[in-house]
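Naming convention: chains lettered A, B, ... in sequence-line order (proteins, then strands); numbering from 1 in each chain. Since we're looking at a predicted model, the values are computed, not measured.
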Number of protein chains: 2
Amino acid sequence: MIELSKAEFAVMEALWQGYPAKASDIVKRLSDDTQWHEKTIKTLVSRLVKKQAVSFEKDGREYIYTPTIGREAYTLKESQNFIARLFRGRVAPLVSGFAKTQQLSQQDIDELKQIIEQWEQKQGK
Amino acid sequence: MIELSKAEFAVMEALWQGYPAKASDIVKRLSDDTQWHEKTIKTLVSRLVKKQAVSFEKDGREYIYTPTIGREAYTLKESQNFIARLFRGRVAPLVSGFAKTQQLSQQDIDELKQIIEQWEQKQGK
DNA sequence: CGTTTTTGATTACAGATGTAATCTTAATTT
DNA sequence: AAATTAAGATTACATCTGTAATCAAAAACG
């Protein structure tokens with residue numbers, strides 16, 4: 001699986017916001033959230049290309065970048081890994097921690113209920 | 001917050017299994033799960049001491065190690081960070097990903113239901 | 001056309017990480 | 001007592017990460 005560092009992930013977020021995108025677009029988007037130097041961002045983009053998380057097409061001397069992986073797919077993989085490592089693959093303990101420390105909102109609860117409902121539908125139960 | 005690398009976390013897991021514990025105990029426990037060399041494990045323990053995730057008492061020339069942070073507290077912090085970074089702080093999207101890819105068990109569902117129930121009790125609703 | 005700017009490529013460099021090996025010193029064994 | 005072993009301390013070293021600076025080449029500007 002493609003592994004991204006935190007900084008690389010932040011760059012992916014900027015790209016996922018809209019693609020294909022030029023380096024300058026990515027830089028612009030990231031300026032809103034970070035103080036990263038343009039050079040830093042370009043280094044990160046290069047590393048993403050090398051890791052094949054991002055592909056590019058040439059347009060004159062500029063490159064037009066596109067993510068090769070979707071945000072959903074990536075975050076799901078990461079979540080699975082995380083949950084496997086910390087909670088032996090089960091999601092409930094994580095949610096439980098949030099509950100115990102009052103970090104669940106009404107919205108979370110509503111969504112969880114819906115997830116459960118759909119799950120039960122699918123189980124034909 | 002104390003930051004642990006993956007390898008360091010694995011060592012903490014071994015220590016959390018039972019403490020205070022001698023280095024040799026930790027090594028023994030980890031042999032079940034990993035192929036790490038004893039030297040490697042001791043290096044990791046030293047780094048944990050340096051990071052103050054672990055403290056020790058001398059007993060002759062051996063050290064007796066104790067974690068300074070609990071597993072629950074640490075994994076909660078990590079989870080918060082993770083969820084903040086990937087899902088803007090909300091757990092439901094993560095659970096939703098698991099649901100979509102059939103990674104929720106009946107047990108997960110039961111536990112989630114219980115969490116919800118308790119949450120609603122607390123909200124006095 | 002020469003100069004400045006801009007783009008990506010290459011190089012830099014310190015700290016973290018994985019994964020030990022070597023060193024020092026004290027304990028154990030013979 | 002001499003030799004071996006074992007514990008932690010120190011050193012090692014490649015790779016990854018964060019964070020750029022410098023370089024080469026092409027484009028835009030004057």
Rounded to whole Å, please give me the gap between [atom1] in [X] and [atom2] in [N].
X     : N      : atom1 : atom2 : result
B:E57 : D:dA7  : CD    : P     : 19 Å
A:F9  : D:dT17 : CZ    : C1'   : 17 Å
B:H37 : D:dC13 : NE2   : P     : 17 Å
B:K42 : C:dT24 : NZ    : P     : 18 Å
A:R61 : C:dA9  : CZ    : P     : 12 Å
B:I41 : D:dA9  : CD1   : P     : 16 Å
B:R47 : C:dG15 : CZ    : P     : 14 Å
B:I2  : C:dA16 : CD1   : C1'   : 16 Å

If you find the nucleotide of DNA chain D closest to B:E62 and the one closest to A:E8, which residue's nucleotide is nearer the 5' end?
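Between the two, 5'-proximity favours B:E62.
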Please classify the nucleic acid contact of A:S5 as base, sugar-phosphate, or nothing, using heavy-atom distances under 4.0 Å.
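Counting heavy atoms under 4.0 Å across all strands, the contact made by A:S5 is with sugar-phosphate only.
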Under 4.0 Å between any heavy atoms, over every strand shown, what does B:K51 touch: base, sugar-phosphate, or nothing? Just pick one.
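Sugar-phosphate: the residue B:K51, judged by heavy atoms under 4.0 Å, touches backbone atoms but no base.
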Any side-chain donor-acceptor pair under 3.5 Å between A:E111 and A:Q107?
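There is such a pair between these side chains.
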Spell out yes or no: do the side chain of B:K39 and the base of C:dT22 have one donor N/O and one acceptor N/O closer than 3.5 Å?
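Indeed there is one.
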Check this for me, if you would: do B:E117 and B:K113 make a salt bridge, where the nitrogen-to-carboxylate-oxygen distance has to be below 4.0 angstrom?
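Salt bridge between B:E117 and B:K113, a charged N being under 4.0 Å from a carboxylate O: no.
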Any ion pair linking B:E13 and B:R29 (charged N to carboxylate O, less than 4.0 Å)?
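Here B:R29 does not pair with B:E13 in a salt bridge, since their nearest N and O are not under 4.0 Å apart.
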I want to check one thing: is the phosphate of C:dA20, taken as OP1 and OP2, less than 4.0 Å away from some side-chain N or O of B:W36?
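So the side-chain polar atoms of B:W36 never come under 4.0 Å of the phosphate oxygens OP1 or OP2 of C:dA20.
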Whether B:W16 and B:F9 hold their rings parallel, tilted or perpendicular, with breakpoints at 30° and 60°:
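The arrangement is perpendicular - the two ring planes meet at more than 60°.
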